[in-house]
**Student:** 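Below you will find the structure I want to go over with you.
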Amino acid sequence: MLIEKLEKIKEEAEKAIKSATTSEALYQVKVQFFGKQGQLSLLMKELGSLPKEERPQFGQQVNGVRGGLQAQYDESEGRLKKQELNEKLKREVLDLSLPGPAQDQGAIHPIPRVIGEIVDILSRIGFSVRSGPMIENDHYNFTALNIPENHPARDMQDTFYVEGGSVLRTHTSPVQIHTMENEKPPIRVLAPGGVFRCDSDASHSPNFHQIEALLVDKKVSMAELKGTISFFVKEFFGPEIKTRFRPSFFPFTEPSAEVDCSCPLCKGKGCRMCSQTGWIEIGGSGLVHPNVLSQAGIDPDEWQGFAFGFGIERMAIIKYGINDIRLFVENDLRFLRQFEL
Ligand code: DAH
């Protein structure tokens with residue numbers, strides 16, 4: 001009786017193993033027939049109904065069947081798992097030639113970019129960067145720069161006054177004073193940063209940027225000033241660009257000169273950007289006025305200096321052919337993307 005049951009289980013189990021088409025279905029066959037709670041285990045529980053002397057032999061037969069089924073199971077399982085893995089690999093195939101997800105490249109805003117370029121060039125000849133406060137008092141923005149109260153030069157700059165008598169600095173020149181008060185000559189510094197004037201149209205912004213340069217040393221003359229600026233202009237705009245100095249007036253320099261460069265757009269022939277003159281103004285310059293040196297505690301008989309201040313927006317407009325100063329603050333991505341590196 002039991003032996004027939006055993007035969008039947010064996011037959012059914014072998015058939016089920018053969019017809020299982022997935023490793024999961026195969027596993028269910030094992031559970032049903034020869035797992036811990038499977039039919040073979042149940043059969044073993046019936047062992048007690050056999051005469052004592054037949055039990056060991058039947059036990060061996062059951063174990064033999066279990067071993068045989070397990071071997072067939074292992075063989076099938078290996079084959080099915082391999083097949084399933086192959087199907088999975090086929091399904092999940094990676095095409096390494098497909099382009100990856102698009103990545104936006106960042107761009108550096110033209111203002112900090114131009115500041116970086118200027119600092120790079122002038123640091124090669126010994127200048128390093130200093131900064132000063134954007135909210136200044138009257139002393140640093142005007143008086144110490146040889147612009148006394150009631151002097152008409154104060155009207156040259158449309159000043160924003162802050163409550164309590166401070167001003168938003170109208171230029172980066174006050175950083176000259178801070179530097180000379182804090183450092184001993186020789187001095188070679190640059191001060192880039194934001195400045196403020198009450199003025200706004202297509203070529204004027206109330207908040208714009210300048211870069212100030214100050215050099216204090218022994219026997220400084222206009223020759224050093226002109227040489228430095230000419231070198232800088234060629235490095236920044238290109239070797240074919242010429243520099244021109246026009247006599248001018250600034251209270252904090254004597255002599256003073258305005259600096260023009262030949263128009264990089266038309267190469268000096270005359271165009272809309274240079275108002276047909278072939279030249280474009282980039283800033284002011286001069287030899288530091290002796291009053292400014294002595295105000296800041298430097299003896300003008302021993303030391304001289306030159307200084308210049310250029311407009312950053314102006315330089316960016318010229319270098320990159322930008323036609324409206326407001327583009328710098330509108331954050332239009334079509335504009336900014338043109339400065340991707
Ligand atoms: N601070 C002047 C301005 O904003 C520009 C300037 C002129 C700066 C002459 C200088 C200089 O350092 O020497 O208009």
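Residue indices begin at 1 and follow the sequence shown. On a predicted model such as this, the values are computed, not experimentally measured, just so you know. We count ligands from 1, going down the list as the structure has it; atoms in each ligand are counted the same way.
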**Student:** When only distance counts, is T170 in polar contact with ligand 1, meaning an N/O pair under 3.5 Å?
**Tutor:**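 No, no N or O pair falls under 3.5 Å.
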
**Student:** Would you say G283 contacts ligand 1, with heavy atoms under 4.0 Å as the rule?
**Tutor:**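 Per 4.0 Å heavy-atom rule, G283 does not contact ligand 1.
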
**Student:** Closer than 4.0 Å to some heavy atom of Q210 - which atoms of ligand 1 meet that?
**Tutor:**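 Every atom of ligand 1 under 4.0 Å from some heavy atom of Q210: 3 (C), 4 (O).
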
**Student:** Do the two ring centres, one from H178 and one from Y140, sit under 6.0 Å apart?
**Tutor:**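 H178 vs Y140: aromatic centres under 6.0 Å.
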
**Student:** Please could you name the atoms of ligand 1 that S173 approaches to less than 4.0 Å, counting only its heavy atoms?
**Tutor:**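 Under 4.0 Å from S173, ligand 1 has these atoms: 1 (N), 8 (C).
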
**Student:** When you measure from atom 9 (C) of ligand 1 to each heavy atom in G309, G305, S285, which option holds the nearest one?
**Tutor:**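 It is S285 whose heavy atom sits nearest to atom 9 (C) of ligand 1.
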
**Student:** Between the side chains of N207 and S205, is a donor N or O closer than 3.5 angstrom to an acceptor N or O?
**Tutor:**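 N207 vs S205: no donor-acceptor pair found between side chains.
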
**Student:** Cut-off 3.5 Å, side chains only: do E149 and T143 have a donor facing an acceptor?
**Tutor:**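 No - no donor-acceptor pair under 3.5 Å links their side chains.
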
**Student:** Which atoms of ligand 1 sit under 4.0 Å from any heavy atom of G286?
**Tutor:**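 Result: 13 (O).
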
**Student:** Answer yes if the side chains of Q32 and Q28 hold a donor-acceptor pair under 3.5 Å, and no otherwise.
**Tutor:**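 Per modelled atom types, Q32 and Q28 side chains form no pair under 3.5 Å.
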
**Student:** Considering distance alone, does some N or O of T253 sit under 3.5 Å from an N or O of ligand 1?
**Tutor:**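 No: no nitrogen or oxygen of T253 is under 3.5 Å from one in ligand 1.
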
**Student:** Taking only non-hydrogen atoms of R197, do any sit less than 4.0 angstrom from ligand 1?
**Tutor:**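 It does; at least one heavy atom falls under 4.0 Å.
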
**Student:** Can you confirm whether Q57 is buried at CD, in the sense that more than 12 heavy atoms of other residues, nucleotides or ligands lie under 6.0 Å from that atom?
**Tutor:**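 Incorrect, the count does not exceed 12.
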
**Student:** Just so I know, are the side chains of N291 and P251 near enough to count as touching, which here means a heavy-atom distance under 4.5 Å?
**Tutor:**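 Side chain of N291 against side chain of P251, heavy atoms only: no contact under 4.5 Å found.
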
**Student:** Does ligand 1 come near enough to F252 that some N or O of the ligand is less than 3.5 Å from an N or O of the residue?
**Tutor:**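 There is no such contact.
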
**Student:** Show the atoms of ligand 1 that are less than 4.0 angstrom away from any heavy atom in Q176.
**Tutor:**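 So the atoms of ligand 1 that pass are 12 (O).
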
**Student:** A side-chain contact here means heavy atoms from C-beta on lying under 4.5 Å apart; do F58 and Q61 qualify?
**Tutor:**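 Heavy-atom side-chain distance check passes, below 4.5 Å.
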
**Student:** Applying side chain to side chain donor-acceptor pair (under 3.5 Å), name anything that partners N86, two or more places apart in sequence or on another chain.
**Tutor:**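 Applying side chain to side chain donor-acceptor pair (under 3.5 Å) to N86 gives none.
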
**Student:** For ligand 1, which atoms, with element, lie under 4.0 Å from some heavy atom of F250?
**Tutor:**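 What qualifies from ligand 1 is 7 (C), 9 (C).
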
